[in-house]
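Every chain is numbered from 1, with letters handed out A, B, ... down the list of sequences. Quick note: numbers below take in every heavy atom, side chains included, and nothing from hydrogens, waters or symmetry partners.
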There are 2 protein chains.
Amino acid sequence: MSDEAPLAFARHDHSHCAADTLARAEAEAARLGLRLTPVRRRVLEILLEAHRAMGAYEVLDRLAAEGFGNQPPVAYRALEFLVENGLAHRLRRLNAFAACMHPGEDHAPVFLICRVCDAVAEAPGAPVRAALDHAAADLGFAVERVNIEAVGLCPVCARGEAA
Amino acid sequence: MSDEAPLAFARHDHSHCAADTLARAEAEAARLGLRLTPVRRRVLEILLEAHRAMGAYEVLDRLAAEGFGNQPPVAYRALEFLVENGLAHRLRRLNAFAACMHPGEDHAPVFLICRVCDAVAEAPGAPVRAALDHAAADLGFAVERVNIEAVGLCPVCARGEAA
DNA sequence: ACATGGGCGTTACCTTATAACAATTCGCTT
DNA sequence: AAGCGAATTGTTATAAGGTAACGCCCATGT
């Protein structure tokens with residue numbers, strides 16, 4: 001796992017984007033009546049601040065350093081809660097987690113993972129999801145949850161490779 | 001992992017489908033100039049016979065029982081080879097592998113995983129893939145490899161739940 | 001024959017993830 | 001405000017998944 005890969009390919013004002021997303025996540029949690037306990041909230045903050053995909057154990061290290069429990073279940077439970085409630089995503093290809101950048105928006109995210117710099121972008125995937133639902137319906141299969149992860153070259157690294 | 005979940009939802013003549021697929025896989029391997037060694041071939045057969053997603057260690061157990069090496073790398077290398085060359089697929093959501101049912105067809109598979117019976121179907125995903133490529137292109141991202149995995153209810157289990 | 005490279009077997013180890021239980025806290029009812 | 005059930009957290013222990021690295025062997029071509 002690279003140490004400082006940006007979450008989106010575009011430049012952006014990171015302090016704002018993290019704070020804004022946290023605020024929206026909190027609003028969403030309130031709306032759903034979720035208990036955003038200290039551990040859960042802190043895990044979400046950690047993911048937002050890092051702004052990249054993090055392994056559960058990496059998150060755990062930070063929690064432990066801040067006085068929370070230092071055993072795997074502590075991290076896994078908080079992460080599972082966040083994923084379950086749409087405040088974070090799980091990237092199975094990376095065995096990692098990332099904060100959701102659009103909490104509450106009922107989006108169907110598609111993840112674009114750069115094989116060179118490990119950056120992860122959350123792309124809008126409504127059309128993809130629609131196509132998927134259609135393909136599944138043809139087989140009588142009712143889709144409930146989806147993971148769509150693409151590995152390839154991000155625009156930044158593509159320029160590098162072309163050289 | 002359930003013990004005997006069918007790969008496709010539809011009934012089918014399994015002995016034929018496994019043998020046919022193996023034949024097609026062999027033709028494809030020949031066409032590509034691949035070395036389908038005993039271990040690799042046997043792993044593919046195991047996956048085809050089981051006709052479901054299997055964990056690497058499960059495959060390894062069978063290999064070991066047949067006199068092949070009994071250490072993880074033996075299974076992982078063969079599985080990686082098969083995946084790399086389009087003769088098998090990796091299901092990240094299940095930490096498992098399944099034989100490709102359409103070797104050489106240049107398909108863009110979408111995997112439908114039933115959350116009740118663990119059956120896995122390989123659905124045609126060309127339209128899904130097209131939508132994905134489009135979404136990625138909007139961000140300047142060049143897709144190379146894709147995992148599309150949907151969890152839900154297969155038609156058989158859906159009838160069961162409705163009852 | 002002999003060099004070469006790929007594949008295989010093995011050792012050793014690392015990372016990721018979960019089951020199960022005890023202790024605590026929360027939110028609600030009485 | 002006391003008390004109760006449910007949810008949450010911390011902890012122990014262990015399961016499950018995966019890989020690096022080395023040496024041997026065997027096929028292949030010279």
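One atom, CG of B:D61, and another, P of D:dG17, lie 11 Å apart when rounded to the nearest Å. Note: CD (A:E58) to P (C:dC14) measures 18 Å, nearest angstrom. We find that CE of A:M54 is positioned 17 Å from C1' of C:dA17, with the value rounded to whole Å. When rounded to the nearest whole Å, the span between CG of A:L63 and P of D:dT11 equals 12 Å. Straight-line distance from the CG atom of A:L60 to the P atom of D:dT11: 11 Å, rounded to whole Å. Rounded to an integer number of Å, the gap from CZ of A:R92 to P of D:dG18 is 11 Å.
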CA sep, side-chain torsions, deciding dist, call: B:D20, B:R24, salt bridge (charged side-chain N to carboxylate O under 4.0 Å, His left out): CA-CA 6 Å; B:D20 287 2; B:R24 271 180 288 129; 5.7 Å; no
Criterion side chain to side chain contact (heavy atoms under 4.5 Å, CB included) on A:H51 and A:M101, from CA distance to verdict: CA-CA 9 Å; A:H51 211 177; A:M101 292 292 108; 3.6 Å; yes
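In this structure, the aromatic ring of A:Y57 is not positioned over the six-membered ring of the base of C:dT15 within 5.5 Å between centres and 30° between planes.
Near DNA chain D, meaning a heavy atom under 4.0 Å away, the residues from residues 31-40 of chain A are A:R35, A:T37, A:V39, A:R40. Residues from residues 79-91 of chain A that place a heavy atom under 4.0 Å from any atom of DNA chain C, listed by number: A:R90. Within residues 67-78 of chain A, the residues that place at least one heavy atom under 4.0 Å from DNA chain D are, in residue-number order, A:G69, A:N70, A:Q71, A:P73, A:V74, A:R77.
Other members of the cluster containing A:L153 are A:V116, with ILVMFWY side chains joined at under 4.5 Å, either directly or via other members.
Rounded to the nearest 0.5 angstrom, A:N95 CG and B:N95 CG are separated by 7.0 Å.
Residue pairs meeting the ring pair (Phe, Tyr, Trp, His ring centres under 6.0 Å) criterion with at least one member in residues 120-149 of chain A, sequence neighbours excluded: A:F141-B:F9. Residue pairs meeting the salt bridge (Lys or Arg N to Asp or Glu O under 4.0 Å) criterion with at least one partner in residues 135-145 of chain B, sequence neighbours excluded, are A:R115-B:E144, B:E84-B:R145.
A salt bridge does not link B:E49 with B:R62: none of the charged nitrogens is closer than 4.0 Å to a carboxylate oxygen.
Residues that satisfy the ring pair (Phe, Tyr, Trp, His ring centres under 6.0 Å) test with B:H102, not counting sequence neighbours, are B:H107. Judged as a ring pair (Phe, Tyr, Trp, His ring centres under 6.0 Å), and not counting sequence neighbours, A:F97 has no contacts. Legend: residues meeting side-chain hydrogen bond (donor to acceptor under 3.5 Å, both in side chains) with A:R92, ordered by chain and number and at least two apart, are absent.
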Exercise answer: donor-acceptor pairs, residues 63-82 of chain A side-chain atoms, under 3.5 Å, sequence neighbours excluded:
| from | atom 1 | to | atom 2 | distance (Å) |
| --- | --- | --- | --- | --- |
| A:E66 | OE1 | A:R42 | NE | 2.6 |
| A:E66 | OE2 | A:R42 | NE | 3.3 |
| A:E66 | OE2 | A:R42 | NH2 | 3.1 |

Solution key, residues 28-35 of chain A side-chain donor-acceptor pairs under 3.5 Å, sequence neighbours excluded:
| from | atom 1 | to | atom 2 | distance (Å) |
| --- | --- | --- | --- | --- |
| A:E28 | OE1 | A:R31 | NE | 3.1 |
| A:E28 | OE1 | A:R31 | NH2 | 3.3 |
| A:E28 | OE2 | A:R31 | NH2 | 3.0 |

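The side chain of A:N95 contributes an N or O atom lying less than 4.0 Å from OP1 or OP2 of C:dA17.
Using five terminal pairs a side, the axes of the helix from C:dA1-D:dT30 to C:dT30-D:dA1 at its two ends make an angle of 30°, given in steps of 10 degrees.
Across all non-hydrogen atoms, the minimal contact from A:R90 to A:V83 is N-CG2, 4.1 Å.
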